[in-house]
Protein chains: 2
Amino acid sequence: MSSTAQGARARARMEVTAAIKDEARRQLAAEGAAKLSLRAVARELGMVSSALYRYFPSRDDLLTALIIDAYDSLGECAEAAQDKAADAGPVQRWTAVAEAVRGWGLRHPHEYALIYGSPVPGYTAPDTTVPPASRVGLVFIGILRDAHRGPGLAEPPLPAELRPEAERMAADLAPDLPPANVAALVASWAELFGLVGFELFGQFNRVVEDRETFFRHAAARLAHGVGLVEGGQ
Amino acid sequence: MSSTAQGARARARMEVTAAIKDEARRQLAAEGAAKLSLRAVARELGMVSSALYRYFPSRDDLLTALIIDAYDSLGECAEAAQDKAADAGPVQRWTAVAEAVRGWGLRHPHEYALIYGSPVPGYTAPDTTVPPASRVGLVFIGILRDAHRGPGLAEPPLPAELRPEAERMAADLAPDLPPANVAALVASWAELFGLVGFELFGQFNRVVEDRETFFRHAAARLAHGVGLVEGGQ
DNA sequence: AATTTGAGAGAGCGGTGCTCTCGCTTGAGA
DNA sequence: TCTCAAGCGAGAGCACCGCTCTCTCAAATT
């Protein structure tokens, strides 16, 4: 038997669950997380609100499901951009992924706010969100790793005071890369999302006009900062 | 007559308004913006909820008032840090202000989320929030300006493609500074808040351990990126 | 065929933002 | 000094929310 076909009732459950998530995502995209209401989702689906609790034990659990989906969607988008730029130089690959992240955010602002804005439910992110959340970071690590194996990766300066933490991070995240590069990568990773967040959340409103080119060059600057060098295989 | 004493009725109004904001800020700090409720504020103040609408036309207006106060509190904190480090070198002054921003965020996470997290009400930030929101940025501009007049400010590379936007930003923000520095400053400004946001919102949870030193060095790196040079006046 | 399981309906609880009306107090102008 | 309008708080009420509990009924399992 196919693994997706075990039990006819289980399939129906999957379908209803998917329908709920779809409608919830629709409302999320339209009005934002604050306005997402279980009752409205149920209403739109033609059922009564209490029936929804057979599928999600609470509103926050629905939100968590949407968060995981959003992380996966963004991660997939970043991976696709990385694959598409596989033949380009390290800096170009980095900026391609960065622009993919920004593009996804512009296309899905409310979902971006859900995962990189203020934590909505109550601060505690379940462990199930960790793997999907890591996907984008792993893409960047992969770019560094390829550069390290290939044309070379410049080592940014690493202050002595920072070395222990850099070595710890490197051991956790990418033992094959120099700690200096890993520490710079983590910082640039956060800084990149700072750029995207400021644009999406309106902080650039009367400041940056040509955001496309501004972002592209800021991303390239970050790429150089982590040690990626122009040109390449 | 003192400007604060015109009308006894007006003063009472000011006092009640302040009491409402204080209690609202208390609840905001305790539970976050999502849990802030007009009714609970009124209850705590011993009045009925409808009475509150004499002072704030809606919950979002209360939130807006808190947003403005938060921007001012953060701005004041940044200005104080800058004053305290007035005698240090440009890089030290930059990192001092950066650490002040981070420290304020750690002390007031919910207020930080309110102003730099996902926009809660409905995206439109009233124009009254613009001046308080600019204060932190102005502190950074001031540091660059002092360095420009003083021991010198290195000019970061400015790609030709970015030059028009950089000149536009410089004309708007700091006509006396080189466009290359202004463009780098705007990027670093956003990147700095990316670092703070990632720490506060839990993105560093299983990644960065010694956040204090990690942040200090990341901030110093940003300072160098905008052209500030070590050693000082 | 009998029985267990699970899905949906409905009512209901306590809470929310917000509106409207009604008295009452009080400060300010005649 | 007196009057009166303005401003304030109280209260009831509307529509909505998340969530719980019970009931019924159909379908899947045994």
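Just so it is clear: chains get the letters A, B, ... in the order the sequence lines come, proteins before strands, and each one is counted from 1.
Not counting sequence neighbours, the partners of A:Phe140 by the ring-ring contact (aromatic ring centres under 6.0 Å, His included) test are A:Trp94. When the side-chain contact (heavy atoms from CB on, under 4.5 Å) test is applied to B:Ala78, the partners found at least two apart in sequence or on another chain are B:Val97, B:Val136, B:Val139. Remark: A:His217 engages no residue in a ring-ring contact (aromatic ring centres under 6.0 Å, His included) (not counting sequence neighbours).
First and last contacts of DNA chain D with chain A, using any nucleotide atom under 4.0 Å from a protein heavy atom and ordered 5' to 3', fall at D:dC17 to D:dA28.
Here the NE2 atom belonging to A:His108 is positioned 5.0 Å from the OG atom belonging to A:Ser73, to the nearest 0.5 angstrom. Going from atom OH of A:Tyr55 over to atom CG of A:Leu45 covers 10.0 Å, rounded to the nearest 0.5 Å.
Salt bridge status for A:Glu212 with A:Arg102: present, with a side-chain N to carboxylate O gap under 4.0 Å.
When all heavy atoms of A:Phe204 and A:Leu195 are compared, the closest pair comes out as CE1-O, 3.9 Å.
In this structure, A:Tyr55 reaches the C:dG8 phosphate: one of its side-chain N or O atoms is under 4.0 Å from OP1 or OP2.
The separation between B:Arg54 atom CZ and C:dC20 atom P is 12 Å, rounded to whole Å. Rounding to whole angstrom units, CZ of residue A:Arg59 and C1' of C:dT16 are separated by 13 Å. Straight-line distance from the CZ atom of A:Arg9 to the C1' atom of C:dA7: 9 Å, rounded to whole Å.
With hydrogens and angles ignored, the 3.5 Å screen pairs no side-chain donor or acceptor of A:Thr95 with any backbone N or O of A:Ala219.
Within residues 36-50 of chain B, the residues that have a heavy atom under 4.0 Å from DNA chain C are, in order of number, B:Leu36, B:Ser37, B:Leu38, B:Arg39, B:Arg43, B:Ser49, B:Ser50. For residues 18-31 of chain A, proximity to DNA chain C is found at no residue, defined as any non-hydrogen atom under 4.0 angstrom from a strand atom.
Between the side chains of B:Gln203 and B:Glu199, no donor-acceptor pair is found at a separation under 3.5 Å.
Taking the six-membered ring wherever Trp is involved, the centroid distance between the rings of A:Phe193 and B:Phe198 falls below 6.0 Å.
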